[in-house]
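Below: one structure, written as structure tokens.
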Amino acid sequence: MTSATAAKAPRGTAAPQSPKSRRSVTGTRRSVAALFLLPALVLLGALVVYPIGYSLIRSFYDQSGDSFAGFDNYETLFTDDGIRTALKNNIIWVVFAPTVATALGLIFAVLTERIRWGTAFKLVVFMPMAISMLAAGIIFRLVYDQDPDKGVANAVWVGVHDTFAESSAFPKAHPGRDSPLKPAGGGAFVTKQPVRSGTPVVLPLVGVAPDLMPDDAKKAAVPEPADGEVTGTTWQDFTRGKGVGRLGGVDAAELGYAGMKIEAVKDGEVVATATAAGDGTFTLPAAADGALLRLPADNFKEPYNGLNWLGPSLVTPAIIGSYVWMWAGFAMVLIAAGLAGVPRELLEAARVDGANEWQVFRRVTVPLLAPVLAVVVVTLMINVLKVFDLVFIIAPGSSQDDANVLALELYRKGFASDQPGVASAIAVFLLLLVIPVMWFNVRRLRREVRR
């Protein structure tokens with residue numbers, strides 16, 4: 001009967017197949033296709049569906065997992081200070097990290113088209129993608145070290161600062177025992193008695209390590225009296241060796257404080273200033289007679305030590321910077337691929353019509369790259385919503401609360417605080433945040449396929 005029906009079928013029309021022999025569009029029997037898909041479905045269920053379902057159920061139970069807690073764990077999401085800080089930081093991450101990484105990727109992709117060594121430049125920019133988050137976190141923990149001798153960021157920052165602002169050579173200098181100087185407030189020192197013309201003044205200080213003395217420091221010299229002028233010496237009143245040297249007296253092995261600033265103060269006003277020579281000697285005019293000599297606080301201020309990159313106020317921007325360093329290369333490669341498909345005749349037509357390069361970039365290149373830019377931004381948004389490694393490794397313990405994000409808070413609640421119910425609620429909340437972004441991406445991809 002089936003043969004007869006097939007024979008009577010119109011010419012050019014496929015004969016209907018029996019349900020038992022129905023095949024897929026690829027010509028494979030559906031039972032065979034299902035058999036091959038079964039291992040993948042089992043893995044998908046075990047690694048994705050089951051954890052999501054278990055986390056959803058566990059989020060409604062208390063800490064022990066025996067009693068139903070209702071929505072108490074979800075209420076904690078919006079009342080716990082740590083989770084609220086993590087949510088705020090996640091918003092900062094989602095807004096800035098994908099935007100900056102995509103913008104840099106776009107700039108790199110456009111500029112490398114016009115340089116000779118563009119491929120080599122792309123390779124260098126993309127290379128951080130080959131580094132794991134763990135390794136990148138360790139690298140940037142060192143980059144952001146507070147000590148300029150270790151941290152690259154502060155080494156550069158301090159170098160730029162010291163180029164425009166002079167630093168003190170005597171940050172730890174202070175008067176010793178039985179010194180003629182006393183503290184004047186604000187880090188300055190002043191003589192206990194007024195000075196007189198023709199009477200030499202000695203201003204001994206201690207506290208500067210010999211290897212940290214200025215390079216132009218010379219052996220301290222005993223001040224010579226001068227008529228109508230106030231002369232003196234300021235020096236390091238310390239000689240190596242127990243019992244060596246005279247306290248308050250200039251010894252042969254002691255160095256002068258080269259560059260020390262001295263001010264003569266009368267009635268709260270500075271009437272004369274001087275700078276010590278290499279041997280520590282200085283000379284003030286007759287106007288200094290009867291004045292108190294003051295060593296300003298600028299002589300003793302601590303050297304500029306750079307920014308506290310991993311402190312509470314800068315730790316999140318600093319970690320975002322490390323993320324951009326890793327993912328800007330990813331954005332550049334995708335955008336460069338999209339840029340290769342842009343019709344060159346459109347760009348040339350815009351130039352012929354009188355558009356400059358900025359106008360061509362803004363009104364032609366960027367609109368044509370909009371689908372690719374959307375892919376990059378959405379991918380990075382999903383990625384930053386679950387960022388964990390960089391924050392956990394780079395942020396020190398003292399500022400980890402300030403750099404906290406939802407993924408890190410999930411780990412802390414689940415393992416450090418032993419609150420699996422709250423941790424499960426955070427996991428479900430993260431899933432709900434990711435779903436809209438994924439839904440937007442799927443819709444956009446389907447729209448592209450229809451075109």
Side-chain angles (χ1 to χ4, degrees), residues 1-61 65 98 126 129-134 326-327 329-341 369-389 407 410-411 414 420 423-451:
M1 184 69 183
T2 305
S3 304
T5 305
K8 293 179 181 179
R11 196 172 182 181
T13 304
Q17 294 182 352
S18 171
K20 292 184 178 180
S21 61
R22 194 169 293 170
R23 296 173 179 269
S24 68
V25 293
T26 60
T28 306
R29 289 186 180 181
R30 293 186 177 180
S31 57
V32 176
L35 186 62
F36 277 97
L37 288 175
L38 185 61
L41 293 175
V42 171
L43 286 176
L44 185 66
L47 300 179
V48 178
V49 178
Y50 173 75
I52 292 176
Y54 180 80
S55 297
L56 180 61
I57 296 172
R58 187 65 181 83
S59 66
F60 291 104
Y61 284 81
F126 187 76
M129 283 296 298
I131 302 175
S132 67
M133 286 282 196
L134 172 65
M326 289 191 68
W327 287 87
F330 167 81
M332 178 196 66
V333 170
L334 290 187
I335 296 171
L339 193 60
L369 288 175
V372 179
L373 296 177
V375 171
V376 174
V377 171
V378 170
T379 302
L380 294 181
M381 286 177 65
I382 295 173
N383 188 266
V384 299
L385 278 172
K386 54 187 181 180
V387 67
F388 167 80
D389 317 58
L410 186 156
Y411 169 82
S424 298
I426 296 174
V428 174
F429 183 61
L430 265 176
L431 177 63
L432 294 177
L433 291 179
V434 171
I435 285 176
V437 183
M438 295 179 63
W439 176 76
F440 169 80
N441 206 24
V442 170
R443 283 197 61 187
R444 189 197 56 76
L445 290 173
R446 287 178 177 175
R447 201 181 306 121
E448 290 293 322
V449 170
R450 291 195 195 103
R451 291 179 184 176

Return the minimal non-hydrogen interatomic distance between Gly45 and Pro51, and the atom names on each side.
-> O-CD, 4.2 Å
Within 6.0 angstrom of Tyr411 OH, more than 12 heavy atoms from elsewhere = no
Any chance you could measure Tyr61, atom OH, to Ile57, atom CD1, to the nearest 0.5 Å?
-> 7.5 Å
Interatomic spacing from CE in Met326 to CZ in Phe126 - rounded to 0.5 Å = 10.5 Å
Among all residues two or more places apart in sequence or in another chain, which pass the side chain to side chain donor-acceptor pair (under 3.5 Å) test with Ser424?
-> none
Minimum heavy-atom distance between Val377 and Pro98, given as atom pair plus value | O-CB, 4.1 Å
CE/Met438: more than 12 non-hydrogen atoms of other groups inside 6.0 Å | no
Thr379 OG1 to Leu334 CG distance, which is reported to the nearest 0.5 Å = 7.0 Å
Closest heavy-atom contact between Ile382 and Val434?
-> CG2-CG1, 4.1 Å
Asn383 side chain reached by Val387 side chain, heavy atoms, under 4.5 Å = no
Any idea which heavy atoms bring Ala331 and Val376 closest together, and the distance?
-> CB-CG1, 3.6 Å
Rounding to 0.5 Å, atoms CZ (Phe330) and CG (Leu380) come to a distance of 6.0 Å
State, to 0.1 Å, how close Leu339 and Leu369 come at their nearest heavy-atom pair, and which atoms those are.
-> N-CD2, 3.5 Å
Side chain to side chain donor-acceptor pair (under 3.5 Å) with Asp389: which residues, sequence neighbours excluded?
-> none
To the nearest 0.5 Å, atom CZ of Phe60 lies from atom OG of Ser55 at 11.5 Å
Looking at CG of Leu433 and CE of Met381, how far apart are the two atoms once the value is rounded to the nearest 0.5 Å?
-> 10.0 Å
